[in-house]
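Before any comments, here is the structure.
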Protein chains: 2
Amino acid sequence: MMTIGEAAAASGVSAKMIRHYEAIGLIRPQRAANGYRAYAEADVAVLRFIRHARDLGFPLETVRRLLALWRDRNRSSAEVKRLALDHVAALEAKAASLRAMAASLRHLAEHCHGDERPDCPILDELEGLERVERA
Amino acid sequence: MMTIGEAAAASGVSAKMIRHYEAIGLIRPQRAANGYRAYAEADVAVLRFIRHARDLGFPLETVRRLLALWRDRNRSSAEVKRLALDHVAALEAKAASLRAMAASLRHLAEHCHGDERPDCPILDELEGLERVERA
DNA sequence: CTTGACCTTCCCGCCATGGGAACCCCCATC
DNA sequence: GATGGGGGTTCCCATGGCGGGAAGGTCAAG
């Protein structure tokens, strides 16, 4: 049994977040006589699981479902796969959206002199003049 | 002079957000005798500017600087361009991070049967078994 | 004069995380 | 046995960018 600090060091999850995960019901450590949270190896494994899932960008609500599936020996891998692929789609949609922003902004910036003069197609676009160079 | 609802309709920014932008000092509408906010065309132009900048993913603090540059007739386009290109870099970094997550998760999912059986490399990875198929 | 559509301010929620205050606990050292 | 420091505990606040909603004021049309 370890303290929260030890569990944090062992799992790579900050003590702050470990308490948070407990508050939202992802983990339920025991309590020592002095009131300190007491973590077993299995708890640390859960924390590592959570961290890995977070590293892949899963929202905590999905992490909760993944944890449930992980613990369920009768799970179907199809269900896990569905959660994963849904998340892949969400990630790719978000990435595509960001790349689209980057591309149009980069395009605008390419047409900006970038010198001491005030003329700037970027500001023109933001103002809503619907871009000069499109004409 | 228009009310906040009219300004919202004209600018495409919700009344809620218009008040928020005012609270953080991006816009300063006048007040009518009855206490209602009163927006001129110039205010609506500011709101549209904000919306366009937000559509390109600029954080509000950067929008604030862009607005200042927009209003400054002696601005240098170089400064605008720098803000823009910094933001492009941030967007691309974020997009790359998301795509990396999507790619590794997709890879894991490809090796998941996705049937009624419980075996699942996705869960194995999350557990931290460091992926079987890498061997 | 009521109704309803608008306006006002203020508070709370999301998501995931960090910072910090105020207090308790335990161990080592003097 | 006192003290100090490095834990732990709870609780509140902040981030960013928005939404929901309550409680109340205002105005125009019926």
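The sequence lines fix the lettering, A, B, ..., with proteins before strands; numbering per chain opens at 1.
- Take the nearest nucleotide of DNA chain D for Met17(B) and for Ala33(B): the residue whose nucleotide is more 5' is Met17(B).
- Not one side-chain nitrogen or oxygen of Asn34(B) sits closer than 4.0 Å to the OP1 or OP2 atom of dG25(D).
- In this structure, CZ of Arg51(A) is placed 12 Å from P of dT17(C), rounded to the nearest angstrom.
- For Arg19(A) and dG18(C), the shortest distance from a side-chain N or O to OP1 or OP2 is not below 4.0 Å.
- Atom-to-atom, NE2 of His20(B) to P of dT8(C) comes out at 16 Å; the value is rounded to the nearest Å.
- The separation between Ile18(B) atom CD1 and dT8(C) atom P is 10 Å, rounded to whole Å.
- Looking at every heavy atom in both residues, Arg71(B) comes nearest to Leu26(B) through NH2-O, 4.1 Å.
- At distances below 3.5 Å, at least one donor-acceptor pair connects side-chain atoms of Arg75(A) with backbone N or O atoms of Pro118(B).
- Side-chain nitrogen and oxygen atoms of Thr3(A) include at least one within less than 4.0 Å of the OP1 or OP2 phosphate oxygen of dG8(D).
- In this structure, Arg54(B) reaches the sugar-phosphate backbone alone: every heavy-atom distance under 4.0 Å involves primed, P, OP1 or OP2 atoms, never a base.
- Looking at Arg117(A) and Asp119(A), no side-chain N of the basic residue comes within less than 4.0 Å of a carboxylate O on the acidic one, giving no salt bridge.
- At a threshold of 4.0 Å, the pair Arg19(A)-Glu22(A) does not count as salt-bridged, since none of the basic side-chain nitrogens sits closer than that to a carboxylate oxygen.
- In terms of phosphate contacts, Arg37(B) brings no side-chain nitrogen or oxygen within less than 4.0 Å of OP1 or OP2 of dC7(C).
- In this structure, CD of Glu22(B) is placed 16 Å from P of dC18(D), rounded to the nearest angstrom.
- Considering all non-hydrogen atoms of both residues, Ala8(A) and Ser14(A) come closest at CB-C, 4.2 Å.
- At a cut-off of 3.5 angstrom, counting only N and O atoms as typed in the model, there is no donor on one side facing an acceptor on the other between the side-chain of Lys16(B) and the base of dG17(D).
- Rounded to whole Å, the distance from CD1 on Ile24(A) to P on dG13(C) is 16 Å.
- In the set dC11(D), dT9(D), dG20(D), the nucleotide with an atom closest to the side chain of Tyr36(A) is dT9(D).
- As rounded to whole Å, 17 Å separates atom P of dG16(D) from atom CZ of Phe58(B).
- Following rounding to the nearest Å, Leu26(A) (CG) and dA16(C) (P) show an atom-to-atom distance of 10 Å.
- We find that CG of Leu47(A) is positioned 12 Å from P of dT17(C), with the value rounded to whole Å.
- One finds a side-chain N or O of Ser14(B) lying less than 4.0 angstrom from the OP1 or OP2 phosphate oxygen of dG19(D).
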